[in-house]
Amino acid sequence: MTQTDAGSIESVLKEDRVFEPAANFSESVGGAYINSLDQYHQLHKQSIEDPQGFWATIAEELDWSTKWSKVLEWNLPDAKWFVGGKTNICHNCIDRQINSGHGDQLALIWEGEPMPEGKPEVRNFSYNDLKREVCKFANVLKDQGVTKGDIVTIYMGMVPELTIAMLACARIGAVHSIIFGGFSAQAIVDRVVDANSKTIITCDGGYRRGKVVPLKDNVDDACTQLADSGHDLKSVIVLKRCENNINWTEGRDHWWDELVGNASDNCDCEPMDSEDMLFLLYTSGSTGKPKGIVHTTGGYMVYTYLTSKYVFNLVPNTDQVFWCTADIGWVTGHSYIVYGILPNRVPTLMYEGAPNFPAEDRFWDIVSRHKVTQFYTAPTAIRAFMKWGSEHPAKHDLSSLKLLGTVGEPINPEAWMWYRKMIGGERCPIVDTWWQTETGGHMITPLPGATPTVPGSCTLPFFGVDAAIVNDRGEEQPANVGGLLVIRKPWPAMLRGIYGDRERFIDTYFSRIKGMYFAGDGARRDERGYFWIMGRVDDVINVSGHRLGTMEVESALVSHEAVVEAAVVGMPHEIKGTGIAAFCTLEPHHVPNSDDEVAKLKEILRAHVGKEIGAIAKPDVIRFTDALPKTRSGKIMRRLLRDIASGSEDKTQDTSTLEDLSVLEKLRESEEG
Ligand code: WTA
């Protein structure tokens, strides 16, 4: 292995299994949109050479009340798409379907978590139903004094009213800022203050794994803090879901049902400028306060519409049911439960609760009962399914599935192969979609009828995406040399800024490499041009001058049958400068019973990594743990593990997005050499 220059990351992963798109895929989905790699390359080339022509044609598939005068205006780092155009995304999600005669078709399927007498509550909404509910709530918002441009905070569980609330905001031109229902009161305060939001929509409680999450209590706590700091909150609208006891502040709090009861179900869509803000979504930076990512209307609408259509191959009138398991509090839910799916006229399924309630087969039960055709989830979930055992999916008829997707983290080839076999029955293509809150929609992804897939690679850039791997000087890296992942041209759904912080926007995304969007990820491209994400650049480990991405070492660990999940981080090392610490969760049958067995297993794993990758990547320290610290969206928080591995404890670290604080405490308690 040779030493490489600044910005390079060495690649050590070898993977040569290739899966061609199945010959009958197109037939199975009622016609694939893109059917060969040649067709992809040709269209991709066209989309890069003539982005304005390409995107204008796509935008014409949707409704605009005023046509744009110019497709793109680009003054780095500011993009304006469909300049001068006016539209409304709620119209394109709902009214457009009704106007073309499809108002009775199924738009949204919702399933609640509780299973009283073995049966879940299911609610179905046609486009007509959705329109009625959205219009009523839009009128409620207006009555509460919400007007175009106001920022409305939404902190709810995964109930259909969450979708209704966001569409209602979009309908009247209010901006929504959705906060994941698992976040704390403090997280609400920070976001409400940053956005200067006057209205909060919440629920009394939310169901999660059989328990009630006290959402309204959290809002009350937040309101107390807000009042102390002089923030003038106008109203809190509360949906009754769990009937848990809550406190009530007269004048400020209002029941959803009471307000909606008298509201008219007629509400015109506000014509929105293409560049009017649609939503704010806060995402955590590695340090400091969360960033409010700004997305606007026209470009985001066109981009999420097209990525949904091509990547999931959504075809109306073919009995497809699309299910994305993400929470709407996360960008994946915004784009691929609601905004990208509804305009494609395929029903979108929304599930309220946990994957293991009442048992570990809940997801597969849902797939078989609703005959889900496209299923989109995260690698962290897939690894949990593997740990729970293949017997759970095996109990159910999963033959309705035609396509599988993943998002959120690099998927290790082991998990990919398990997913393909146990969930996809070896017939469903897998789309491993790389993208970010900031990108709004899929950026690098296979197209299911066209792209041969390789486990662990997100393959090729989507149309209009000019992705590259560069070193610190912005020079493109040769094949298989890892570097920084950048996007060199604007795309319609790109973020338009960080709310209220222009400098941070430029610093974070446009300063490291001049003239390009820097995503913060390390990656390489192989000889076929396929992209392999190697992990966040901030997590790269520099061992004796070799810069290693976390993904590849973790993948090697997980490829051993004893390991379900692994996280590796750098730690101070006397000789090498930096050594590697690995945190592993084990497959239940392989949990060692004695100190001897622990030591033995650690040696086996070190040797295994040595064999898979090379001696350089052998972990210096291995720790077994029941769970890894993760964000609510399932990403491993390696910066917290770095502290533990180095024995330091930085109390200033932002842990507000951590799912379960006790995981960290346990790891600290079990500290060992
Ligand atoms: C990671 C989620 C590898 C990546 C939509 C990115 C991935 C960050 C993939 C964004 C993937 C997401 N393969 N890594 N398919 N998808 N990531 O903002 O590090 O929650 O920068 O958006 O997740 O996370 P975010």
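One-based numbering, in listed order, for ligands and for the atoms of each. Quick note: numbers below take in every heavy atom, side chains included, and nothing from hydrogens, waters or symmetry partners. What you are looking at is a predicted structure, and each value in this text was computed from that prediction instead of being measured.
- Residue T406 places no N or O, backbone or side chain, under 3.5 Å from any N or O of ligand 1.
- Heavy-atom proximity to atom 9 (C) of ligand 1, evaluated over W434, W330, F531, is greatest for W434.
- Residue-level proximity to ligand 1 for T437 is carried by backbone and side chain together, each with a heavy atom below 4.0 angstrom.
- Between T283 and ligand 1, not a single N/O pair is under 3.5 Å apart.
- A search for ring-ring contact (aromatic ring centres under 6.0 Å, His included) contacts involving Y40 returns H44, F463, not counting sequence neighbours.
- Note: M386 CE to N412 CG = 7.0 Å, rounded to the nearest 0.5 Å.
- Taking the ring axis of Y530 as reference, the NZ or CZ atom of R528 stays within 45° of it and closer than 6.0 Å to the ring centre.
- T373 OG1 to L314 CG: the interatomic distance, rounded to the nearest 0.5 Å, is 8.0 Å.
- At a 4.0 Å cut-off, not a single heavy atom of M551 sits close enough to ligand 1 to count as contact.
- Contact annotation: for R536 versus ligand 1, heavy atoms closer than 4.0 Å belong to the side chain alone.
- The shortest contact between atom 11 (C) of ligand 1 and any protein heavy atom is with E409 O, 3.4 Å.
- Nearest heavy-atom pair, C428 versus R420, reported as atom, atom and distance to 0.1 Å: O-NH1, 4.3 Å.
- Evaluated for a ring pair (Phe, Tyr, Trp, His ring centres under 6.0 Å) with F375, the options W323, Y336, F312 yield exactly one hit, W323.
- Any N or O atom pair closer than 3.5 Å counts here, and G408 shares at least one such pair with ligand 1.
- Heavy atoms of other residues, nucleotides or ligands lying less than 6.0 angstrom from NZ of K387 number more than 12.
- Considering backbone and side-chain N/O atoms, T332 never comes within less than 3.5 Å of an N/O atom of ligand 1.
- Protein heavy atom nearest atom 10 (C) of ligand 1, with residue, atom name and distance: W435 O, 3.5 Å.
- The protein non-hydrogen atom at the shortest distance from atom 24 (O) of ligand 1 is K635 NZ, 3.0 Å.
- Separating the CG atom in L280 from the NZ atom in K291 is a distance of 14.0 Å, to the nearest 0.5 Å.
- Close approach of ligand 1 to D432 (heavy-atom distance below 4.0 Å) involves ligand atoms 11 (C), 13 (N), 15 (N).
- The atoms of ligand 1 that sit less than 4.0 Å from any heavy atom of T433 are 9 (C), 11 (C), 15 (N), 16 (N).
- Given atom 4 (C) of ligand 1, the protein heavy atom at minimum distance is D521 OD2, 2.9 Å.
- Scanning both residues, I337 and I328, for their nearest heavy atoms gives CD1-CG1, 3.7 Å.
- Relative to atom 14 (N) of ligand 1, the option among G634, P410, G522 with the closest non-hydrogen atom is P410.
- Taking the six-membered ring for Trp and the full ring otherwise, the centers of H295 and H334 sit at least 6.0 Å from each other.
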